[in-house]
Amino acid sequence: MVILFNVTMWGCYVNSLKALSSLQATVTNFAANFISSGLAGYFLFHEPLPSKWFAGASLIILGVFILSKSSIEEKQNSD
């Protein structure tokens, strides 16, 4: 399962590099890995998810949103 998930993650990362800048792809990949790891631990191994985890996940998602929004605005201004 570990190999399957790693291959899937790398495939998604390479595809996102084709569509996004390297910074956006890296940050988005990190965020997806963090959130999916936490949720997999919760559902598969019944690990507790404290409120600090949800606060951190929310900040990461907010950061990815801000990064993608600023990149779209830069692209529009350069056209």
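For the single chain, residues carry numbers from 1 onward in sequence order. Model, not experiment: these values are computed from the prediction.
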Distance, nearest 0.5 Å, that separates [atom1] of [X] from [atom2] of [Y]:
X: Gln24; Y: Leu17; atom1: CD; atom2: CG; value: 10.5 Å
X: Trp10; Y: Asn15; atom1: CH2; atom2: CG; value: 13.0 Å
X: Ile66; Y: Leu59; atom1: CD1; atom2: CG; value: 9.5 Å
X: Thr28; Y: Ile61; atom1: OG1; atom2: CD1; value: 11.0 Å

Closest heavy-atom contact between Leu49 and Phe54?
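Smallest interatomic distance, heavy atoms only, reads O-CE1, 3.6 Å.
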Test item: Asn6 side-chain N/O and Val2 main-chain N/O as donor-acceptor pair under 3.5 Å
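Here the side-chain-to-backbone pair exists.
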Path from Ile60 to Tyr42 over hydrophobic side-chain contacts below 4.5 Å
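Yes, it is one cluster - the side chains of Ile60 and Tyr42 are joined through contacts under 4.5 Å.
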Heavy atoms of other groups near Ile3 CD1, more than 12 under 6.0 Å
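For Ile3, atom CD1 is not crowded (no more than 12 foreign heavy atoms under 6.0 Å).
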Using a distance-only test with no angle check, is there a side-chain donor-acceptor pair under 3.5 angstrom linking Thr26 and Tyr13?
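Thr26 vs Tyr13: donor-acceptor pair found between side chains.
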